[in-house]
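Below, chains carry the letters A, B, ... as their sequence lines are ordered, and counting in each starts from 1.
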Number of protein chains: 4
Amino acid sequence: MSPATAPRGRPRSAERRVAVLRAASSLFQEVGAAQTSIDAIAARARVAKQTVYRWWPSKAAVLAECAVEGYLTLPSFHAPATGDPRADLTAWLEESYDALETPRFLELFRALNEASGSDPVIAAQLDRVFARQLRQAIRGMLDAAFDAGALRPGIDLDVVTQLLIAHVSAAVTQRADRGDIPALVAVLLHGIGAGPRSRGAPMDTEEPR
Amino acid sequence: MSPATAPRGRPRSAERRVAVLRAASSLFQEVGAAQTSIDAIAARARVAKQTVYRWWPSKAAVLAECAVEGYLTLPSFHAPATGDPRADLTAWLEESYDALETPRFLELFRALNEASGSDPVIAAQLDRVFARQLRQAIRGMLDAAFDAGALRPGIDLDVVTQLLIAHVSAAVTQRADRGDIPALVAVLLHGIGAGPRSRGAPMDTEEPR
Amino acid sequence: MSPATAPRGRPRSAERRVAVLRAASSLFQEVGAAQTSIDAIAARARVAKQTVYRWWPSKAAVLAECAVEGYLTLPSFHAPATGDPRADLTAWLEESYDALETPRFLELFRALNEASGSDPVIAAQLDRVFARQLRQAIRGMLDAAFDAGALRPGIDLDVVTQLLIAHVSAAVTQRADRGDIPALVAVLLHGIGAGPRSRGAPMDTEEPR
Amino acid sequence: MSPATAPRGRPRSAERRVAVLRAASSLFQEVGAAQTSIDAIAARARVAKQTVYRWWPSKAAVLAECAVEGYLTLPSFHAPATGDPRADLTAWLEESYDALETPRFLELFRALNEASGSDPVIAAQLDRVFARQLRQAIRGMLDAAFDAGALRPGIDLDVVTQLLIAHVSAAVTQRADRGDIPALVAVLLHGIGAGPRSRGAPMDTEEPR
DNA sequence: CGCTAAACGAGACGGTACGTCGAGTCTTGCG
DNA sequence: CGCAAGACTCGACGTACCGTCTCGTTTAGCG
């Protein structure tokens, strides 16, 4: 097969591509996303502006590619998966909040998030470098807990994942403090409803340890 | 008392102030936040550009004041408070998602959210028009449920509120779909943990009705 | 030969250049130099403001180029050269005064003159369109007179030229009236000194040194 | 008669007046005429802008009053009057050129000169601090020479004065160098014409070469 | 090897908005 | 009514990016 129209003309220079990504990355680290103009990227990369526009539709697209290609040091959201959901959740939340306190990351996230609206490619890239990673981490954590019998059967893991990501994201986009993590974990574990099973059961936040 | 330095000089014109707010509001409704330039606001308000700059540091500040002063029709996040948390939560989530689908509101929220980072005044205004309202609605809902004995005693309502707001906000800032609301409500009500009391308890999402 | 670094990039558009010059000229004729803003020039030339700033450092520079390139109808200071200095000088002075009474020209002269202080290029252009022309005219007049034997030998024509130009310029920059031209011509021709030659005596002041 | 309208209301404060003049003078000395804005004058004088506008129609008017009132140290154009016109003229020209080299004075002169066009009051003030002084100096010089019998009778002193002022002014408004002063003096003394009495009389500047 | 076609450097260009400045005027309240 | 304070209009300033364009110049593969 490969009717793939034979590539005619001068092929794209890989050199310029990395030059642009490098320039964008360093500029972003130095002055932030807002101040990183395409003019500046091109200048620093010693590349014609048109060369940037030829391959990337926008500044956000360049930054997204930087993120995907590993030109930007992003926090990684590893989650412990010991099987003890309370401990795991608590540890993971603490860690995530710490990671998110990097101001540059926050900026990047916002920029890509905004651009995601109009550019599905960026949306996919953003998902790849951020949400997917989170989902997998959380998933692993919950799976381990489930295997350990610590989770109620039948719960929708997607919903839980979504909830956790939202909670952490909110701390990013808004500048909320991290709140009371143990209480949050308690709510997640036991719910808020006065279920039939909670009869007489004490709150576990302050459970005797 | 009140040595509050007598106001000297020509007092600020209330007329121009509302003219600016009105102009900004209508422009925002018509063309969106991105296209609403300070030049355009001043022009439409028939006011000198300098008059805008004198009183507002940025476009976002003008829009924030528009929001606070009621010049923009914002969705209101009323919550039913029947005492039945499942029904209330479900209804409220549906309603909130609907409200958030107004594209202009989404844009406004993003714009103000972004500006909140560098301007604490805007942050406060944003909280006032958006989060505070949400908090009160949710609070009312949960209080009613608590009074009806439908909530487990001892839970931290703040945490729950925060969680719900985050979940809804995430749908705003990211463009996530609303997900599986009943499943979400179920998780919230019963938690994810296999508590001693949940033994054998069936998932209630599809409980026999 | 011509190692003249090959011109890189998109070449300057001659079209825009003349559009700007034309716009500046017509604006100047219509509203005067003071009211001729760069904004207005760019607007009338249907050119981006930056295009003006790219090539001309100031409004005066544009006008100077207009003058040099012949976009402005300037008075020409032709001088008769009959060989009769009294008649020639008188005629030329009268004519020059008439020419200078054009208010626009006066304005232009002042503007360029002022800008000459900080911009040597403008100074050169001003000289080219104004002073040089005057010098040549006067020179021709005096040369003819000299050839006709009507001038005392040995006089410094440069000085005389400078003196005449100054006298006329003064009428321009200040708004002096033209004074008593015949008296001026008389002074120029015969000097003010009680020369020895009026009595056949030797030179006047302290001649023998 | 003399209904000399009784002055009603608060009388003009002499204090503010000198404050304004002082402020204008110092600003002018420090940053020049172009940078001396009315705003700056008022601010430095600790006076309301309106107070400036109430009494002076323009910045130039303030500066003109500064000059007249002696707030600005201006060069004085004293002329020697020994009765020897060659020596006197030469000395005076040299001195005048030196004096005019003060850049601030040049600036002031240009500013007032320009404003003279539209404001007769300023024109009169300019004349008073500059031209009149010059005229008197030259006049004195020439009168002494006349009394000493060194001037040809019947010459129009006004014309000569005008010519000299023009020559010096030209060096101010344009940035011409001072030229060949001895040659200029020679031309002034003996004229350029080959008059009957100059027959055979050698020029004295460059004598026979 | 020469031809073709696209990638590239350089930089001009139209456009939009920016935020600032200076000019003059207007509106308060105080003395 | 003078005056301080300062809000206001108006118009221009010069700059910053945006994204497009127009040159000339590589740099590959293909015939």
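Between the CD atom of E15(D) and the C1' atom of dG2(F) there is a distance of 13 Å, given to the nearest Å. Here dA12(E) presents its P atom at 13 Å from CG of D39(A), a figure rounded to the nearest Å. The CD1-C1' distance, from I38(A) to dG11(E), rounds to 17 Å in whole Å. When rounded to the nearest whole Å, the span between CZ of R54(C) and C1' of dG14(F) equals 14 Å. dC18(E) atom P lies 15 Å from atom CD of Q35(A), rounded to whole Å.
Salt-bridge annotation for E69(D) and R17(D): present, with a side-chain N of the basic residue lying under 4.0 Å from a carboxylate O of the acidic one. With salt bridges taken as basic N to acidic carboxylate O contacts below 4.0 Å, none links E15(C) and R46(C). Checked for salt-bridge contact, E30(B) and R104(B) miss the test: no charged N lies under 4.0 Å from a carboxylate O.
Contact annotation: S13(B) side-chain N/O to dT27(E) OP1/OP2 distance is not under 4.0 Å. Under 4.0 angstrom from either OP1 or OP2 of dA4(F) there lies at least one side-chain N or O belonging to R16(D). OP1 or OP2 of dA4(F) sits under 4.0 Å from a side-chain N or O of T51(D). OP1 or OP2 of dG14(F) sits under 4.0 Å from a side-chain N or O of Y53(C). In this model, the phosphate group of dA5(F) is approached by a side-chain N or O of R8(B) to a distance below 4.0 Å at OP1 or OP2. Close to dC13(E), at under 4.0 Å from its OP1 or OP2, lies a side-chain N or O of W55(C).
Backbone-only contact: R46(B) has heavy atoms under 4.0 Å from sugar-phosphate atoms and none from a base.
A donor-acceptor pair is defined here as one N or O able to donate and one able to accept, closer than 3.5 Å; such a pair exists between the side chain of E107(D) and the backbone of A33(D).
In terms of position along DNA chain E, the nucleotide closest to A14(A) lies nearer the 5' end than the nucleotide closest to the other residue of the pair A14(A) and A40(B). Both V47(B) and R10(C) lie near DNA chain F, and the one whose nearest nucleotide falls closer to the 5' end is V47(B). Of the residues near DNA chain F, K49(B) and R17(B), the one whose nearest nucleotide (by heavy atom distance) lies more toward the 5' end is R17(B).
Atoms CG and CH2, on L21(B) and W55(B) in that order, are 13.0 Å from each other to the nearest 0.5 Å.
Between the side chain of Q50(D) and the base of dC26(E), a donor-acceptor pair under 3.5 Å is found.
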